[in-house]
Amino acid sequence: MCRFVIYKGTSPVQLSHLLTRPCHSIINQAFDSRLRLDHRRPINGDGFGVGWYDSVYDEELGSQPCIFTSVTPAWNNANLIRLAEKIKSPLVFGHVRATTAGSLSLDNCHPFKFGRLMFMHNGGISDFPLIKRRLQTALSDEIFNVVQGNTDSEWAFALFLAQLPDPNAKCFPPEVLKRAMLDTIATLNTYAEDAGITEPSLMNFCVTDGESVVATRYISSRHDEAASLWFSSGTTFSEYAKGGHYKMSKADKRENIIMIASEPLTFEKADWMEIRTNNMVVITPKMNLLQIPIIDKFYVPPSDPASLNRGTDFAAAKGLLSPRRALAPVQVRDNTPKISI
């Protein structure tokens, strides 16, 4: 199944430090995952994509992200290796794909973009053909024509755009992106319920406008774990030993770097914390990271013993859950803000 990584930093990072150099980079995870159990498809060879924003605004180039995609396996793409060594960016989305919906084509490779916005998905919307037509009829002509591929992920992005007050805006405050993401999930759940779909959907969505990032770890079930999602933060992310062994360092209390990933990029247990199922992560322009429970009928509060007993079989069978023994879970304080949808 797909994997993604997000980098946001106060300083630009060389793409190779995320994509190619670390021994457990997202590219290496595509064919040599060590922290995930995937009994369906051990290789993510159905294309990849990387999107980034310019470090310095250039009026001629504009503020939209640049995206490079390919249908070749990520680990065997010489152009990716060359580009990764020569490009720096303060905000990067990377994605490797194993097809679940949609054909193998450039149009179906993540991330997707519209104006300033960039979007990725890890998971799958169950029985999507049963709700596809209804979703499409809810879109304006402009947004309907944005979709170039045939994946559930890109149509989910189109639905997200439809929730925004103005998808062509030049600025998207974190609250606007957060509200649109919650409305997207709620709408997909309504469509599934009305269509009689009973299998859970895995909706690890992430979106950015180049300044803020919103990511979700979500499943439409009260009894199953969502696809895995982790975060790491610190002051530097660097190689400490030859062979691509990286770690996140904390020199002080500042958060110069925040990374979110389907699977950790390092084997250092202290580097990564697990995001709880059915929670949202928001990274603000000022590098504040907020973890916010998504309150709906599928939410189980941490105080409920059932929250510790969510089943792992569903996500693990799809190759979307890493074993808990690999890394320590994050501890969520009781005063975490909550959002209802």
Side-chain angles (χ1 to χ4, degrees), residues 4 6-10 51-54 57 62-67 89-93 95 110-123 125 135-136 138-147 153-191 203-218 220 229 231 233 255 258-260 275 278-296 299 336-341:
F4 63 62
I6 302 165
Y7 172 96
K8 178 172 169 57
T10 55
W52 67 92
Y53 293 82
D54 294 325
Y57 174 73
S63 58
Q64 70 276 13
C66 181
I67 293 179
S89 172
L91 205 163
V92 181
F93 273 22
H95 189 280
H110 308 223
F112 308 106
K113 73 171 183 175
F114 178 82
R116 286 183 57 91
L117 297 168
M118 193 160 52
F119 183 95
M120 298 187 296
H121 176 206
N122 181 26
I125 300 173
L135 186 157
Q136 291 173 334
L139 306 177
S140 67
D141 289 344
E142 179 189 19
I143 294 176
F144 179 88
N145 290 322
V146 166
V147 179
S153 303
E154 191 175 10
W155 284 111
F157 179 38
L159 182 63
F160 172 85
L161 294 174
Q163 312 308 311
L164 293 167
D166 179 8
N168 293 293
K170 295 182 179 180
C171 178
F172 296 91
E175 185 64 35
V176 170
L177 295 178
K178 180 175 66 176
R179 185 71 257 168
M181 185 67 80
L182 292 170
D183 290 343
T184 299
I185 291 173
T187 302
L188 288 170
N189 284 340
T190 297
Y191 290 170
M203 297 185 240
N204 282 19
F205 295 141
C206 51
V207 69
T208 182
D209 65 343
E211 299 291 337
S212 305
V213 176
V214 173
T216 60
R217 184 186 182 200
Y218 185 89
S220 55
L229 197 64
F231 80 89
S233 62
E255 302 290 1
I258 299 175
M259 298 170 65
I260 300 173
I275 297 166
N278 287 17
N279 272 245
M280 171 185 287
V281 172
V282 177
I283 307 175
T284 70
K286 294 184 178 181
M287 298 295 289
N288 296 313
L289 186 145
L290 309 173
Q291 289 194 73
I292 306 166
I294 301 172
I295 309 299
D296 61 8
Y299 178 70
T336 302
K338 298 177 173 62
I339 292 180
S340 298
I341 62 174

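If you're wondering where the values come from, they're calculated on a predicted model, not measured in any experiment. Sequential numbering from 1 along the given sequence is applied to the chain's residues.
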Could you tell me whether a side-chain N or O of D141 sits under 3.5 Å from a main-chain N or O of F144, the two making a donor and an acceptor?
no

Member of N278, N204, N279, N189 meeting the side-chain hydrogen bond (donor to acceptor under 3.5 Å, both in side chains) criterion with Y218
N189

Side-chain donor/acceptor of K8 to backbone N/O of E211, under 3.5 Å
yes

Hey, could you give me the CG/CG distance between L161 and D166, rounded to the nearest 0.5 Å?
11.0 Å

Please give me the minimum heavy-atom distance between M181 and F160, naming the atom from each residue.
N-CE1, 3.5 Å

Which value, rounded to the nearest 0.5 Å, describes the distance between L91 atom CG and T208 atom OG1?
4.0 Å

Please say which of V214, L290, I260 ends up in a side-chain contact (heavy atoms from CB on, under 4.5 Å) with I283.
I260

Spell out, as yes or no, whether a donor-acceptor pair under 3.5 Å connects the side chain of T216 to the backbone of M203.
yes

Any donor-acceptor N or O pair under 3.5 Å, side chains S233, E255
yes

Taking the side chain as C-beta and beyond, is there a heavy-atom pair between E142 and F114 under 4.5 Å?
yes

Closest heavy-atom pair and its distance - G62, D54:
O-OD2, 4.2 Å

Shortest non-hydrogen contact from P167 toward F172:
O-CZ, 3.5 Å

Within this structure, what is the SG-CG distance for the pair C206 and L177, rounded to the nearest 0.5 Å?
12.0 Å

Nearest 0.5 Å, please: how far is CD1 in I6 from CD1 in I258?
11.0 Å

Short question: side chain of K113, backbone of P65 - any donor-acceptor pair under 3.5 Å?
yes

On a heavy-atom basis, the closest approach of V147 and A158 is CG2-CB, 3.7 Å

If the plane angle is over 60° it's perpendicular, under 30° parallel, otherwise tilted; pick one for H121 and H110.
tilted

I need the T187 OG1 to L182 CG distance, nearest 0.5 Å.
10.5 Å

Show the numbers, then the answer: is there a side chain to side chain contact (heavy atoms under 4.5 Å, CB included) between L117 and L164?
CA-CA 11 Å; L117 297 168; L164 293 167; 3.6 Å; yes

Chi angles and distances behind the ring pair (Phe, Tyr, Trp, His ring centres under 6.0 Å) call for F4, F93:
CA-CA 7 Å; F4 63 62; F93 273 22; 7.6 Å; no

Report the distance from atom CG of D209 to atom SG of C171, rounding to the nearest 0.5 Å.
7.0 Å

Checking Y53, W52, F112 against M118 for side-chain contact (heavy atoms from CB on, under 4.5 Å), the one that qualifies is Y53

